[in-house]
There are 2 protein chains.
Amino acid sequence: MNELDIGEVARRAGVTASTLRFYEEKGLIASRGRRGLRRLFDAEVIERLALIALGRTAGFSLDEIGRMFGADGQPRIERGKLSAKAEELDRTIKRLSALRDGLRHAAACPAPSHMECPTFRRILSSAGSGALRPLAARKPRRLISKGGDRTTNGKD
Amino acid sequence: MNELDIGEVARRAGVTASTLRFYEEKGLIASRGRRGLRRLFDAEVIERLALIALGRTAGFSLDEIGRMFGADGQPRIERGKLSAKAEELDRTIKRLSALRDGLRHAAACPAPSHMECPTFRRILSSAGSGALRPLAARKPRRLISKGGDRTTNGKD
DNA sequence: CCTTGACCTCAAGCCAACTTGAAGTGGCAA
DNA sequence: TTGCCACTTCAAGTTGGCTTGAGGTCAAGG
């Protein structure tokens, strides 16, 4: 059977049902139809959701991702955009690497207080000047609510 | 003169005055006192702001950062926390690197549509499984409002 | 027949980290 | 002395990406 109900999709894609409804509302995914009230998705949606996850991971907003699919559903991702993102990502990676090294140093640093450690101060100034935007400290998605849509990933 | 008014601090630290008031309210920074209504900061606050920026960059929330300063103002950053963050950062970097390579490949890939490219599909599945949280796509701070607190960085 | 439970809708809520707006104050140069 | 305008306060708004809640529908199993 190629028709998945929302719970099944949720389970397979690792998102909640409400997220799926939200994505549908935003036009990021579509259901093949309904059986009664219930949405039926076909299995391709899983792939699409992976694509969406990929886009999110790369730092695209949902709106941007939405614009990347043609009306037909084909992912019409412009290659230029991809490489632009790749380069942006590369810059981010470089900064993060420097930061990681700095943190490691500071963690191992023998100076009594971090402020007395020259390396730490150096990171400090580069962090100040660098326009690196914070990594999202998104709240770690709740895995379980009490009733109803328990179609969450997690213990299932 | 060691006493900076809020505008000066804002300019030097590259944040808006409202951000500084907000940070003060949250207890992340403190002003040395007031001249009339106006806050006076001493120059050390710049360093502190750099520290805050560093923390943000590393993915700490403002609350977490707040907890890192002792009541005295000394940055009591636990080294364990630093290295934990460093390792977290390292994992993020690894994922981002894979993603970057994937994007580069997809950009250069000769397959007619991305979905037909095996490499792309591979990235897709790893992005799906990986719990990499999206990089913040924070809105690119507005540099200028019309009046009042124009103490923003930017054209200055 | 009745309950259960997975689904449905729609509106509202949440979170962090700020920003914006309205209305007021006061330091300082001319 | 005057007037400018950078400052002040406080409350409310914004953004993105969902989540939560109330109240409802429906198919299947006991």
Side-chain angles (χ1 to χ4, degrees), chain A residues 3-11 14-29 31 33-41 49 52-53 55-57 59-66 133-154 156, chain B residues 3-11 14-28 31 33-41 52-53 55-57 59-66 133-152 156:
Chain A
E3 310 192 316
L4 311 175
D5 86 351
I6 201 171
E8 185 62 14
V9 174
R11 224 177 31 67
V15 298
T16 64
S18 66
T19 298
L20 294 174
R21 290 184 205 109
F22 175 71
Y23 281 1
E24 189 189 44
E25 194 183 352
K26 286 218 117 189
L28 291 169
I29 59 175
S31 53
R34 299 279 181 127
R35 169 156 53 224
L37 278 181
R38 303 176 177 211
R39 288 162 182 84
L40 290 177
F41 293 93
L49 286 166
I52 292 170
R56 297 270 305 119
T57 300
F60 293 102
S61 71
L62 293 183
D63 280 0
E64 286 178 297
I65 293 169
R133 62 175 167 229
L135 289 166
R138 313 272 298 131
K139 112 178 146 198
R141 164 184 306 154
R142 315 199 35 181
L143 296 187
I144 300 184
S145 53
K146 54 200 170 223
D149 286 342
R150 271 189 316 81
T151 21
T152 315
N153 52 333
D156 118 303
Chain B
E3 311 191 314
L4 310 175
D5 87 352
I6 202 173
E8 185 63 14
V9 174
R11 224 177 31 66
V15 299
T16 63
S18 67
T19 298
L20 295 174
R21 289 190 278 263
F22 175 69
Y23 281 1
E24 190 188 44
E25 195 182 353
K26 286 219 117 189
L28 291 170
S31 52
R34 300 279 182 127
R35 170 157 47 229
L37 278 181
R38 304 176 175 209
R39 287 163 182 83
L40 291 177
F41 292 93
I52 293 170
R56 298 272 302 120
T57 299
F60 292 102
S61 71
L62 292 183
D63 280 359
E64 285 178 298
I65 293 168
R133 65 178 163 225
L135 289 166
R138 312 272 299 128
K139 115 178 142 198
R141 164 184 304 155
R142 315 200 37 184
L143 296 186
I144 300 184
S145 53
K146 53 201 171 221
D149 285 344
R150 268 189 319 81
T151 20
T152 315
D156 131 286

Quick check: do A:F22 and A:L28 have side-chain heavy atoms less than 4.5 Å from each other? no
Is the shortest side-chain N/O distance from [X] to OP1 or OP2 of [N] below 4.0 Å?
X     : N      : answer
A:T16 : D:dT19 : yes
B:S18 : C:dT19 : yes
B:R39 : D:dC7  : no

Starting from [atom2] on [N], measure out to [atom1] on [X] and report it in whole angstrom.
X     : N      : atom1 : atom2 : result
A:R34 : D:dC26 : CZ    : P     : 12 Å
A:Y23 : D:dC18 : OH    : P     : 4 Å
A:L28 : D:dG17 : CG    : P     : 9 Å
A:F22 : D:dG16 : CZ    : P     : 10 Å
A:R35 : C:dC7  : CZ    : C1'   : 12 Å
A:L40 : C:dC7  : CG    : C1'   : 11 Å
A:F60 : D:dG16 : CZ    : P     : 16 Å
B:D5  : C:dT25 : CG    : P     : 20 Å

Out of [options], whichever nucleotide has its closest atom nearest the side chain of [X]:
X     : options                : value
A:L62 : C:dC28, D:dC18, D:dC26 : D:dC18
A:T19 : D:dT19, C:dG26, C:dT19 : D:dT19
B:R56 : C:dA17, D:dT19, D:dC7  : C:dA17
A:L37 : D:dA6, D:dT20, D:dG24  : D:dG24

Stepwise, does the side chain to side chain contact (heavy atoms under 4.5 Å, CB included) test hold for B:L62 with B:I52? CA-CA 8 Å; B:L62 292 183; B:I52 293 170; 4.2 Å; yes
Test for a donor-acceptor pair under 3.5 Å between the base of D:dA6 and the side chain of B:R38, counting only N and O atoms. yes
Taking for B:F41 and for A:K26 the nucleotide of DNA chain D with the nearest heavy atom, the one nearer the 5' end belongs to B:F41
Does this structure show an ion pair linking A:R11 with A:E8, if we count only N-O contacts that are shorter than 4.0 Å? yes
I need the minimum non-hydrogen distance between B:I6 and B:F41, along with the two atoms involved. CG1-CE1, 3.8 Å
Considering non-hydrogen atoms only, spot the tightest contact between B:A10 and B:T16 and give its length. CB-C, 4.1 Å
Need one value for B:G36: base, sugar-phosphate or nothing, where a base atom within 4.0 Å counts as base even if backbone is also close, heavy atoms only. sugar-phosphate
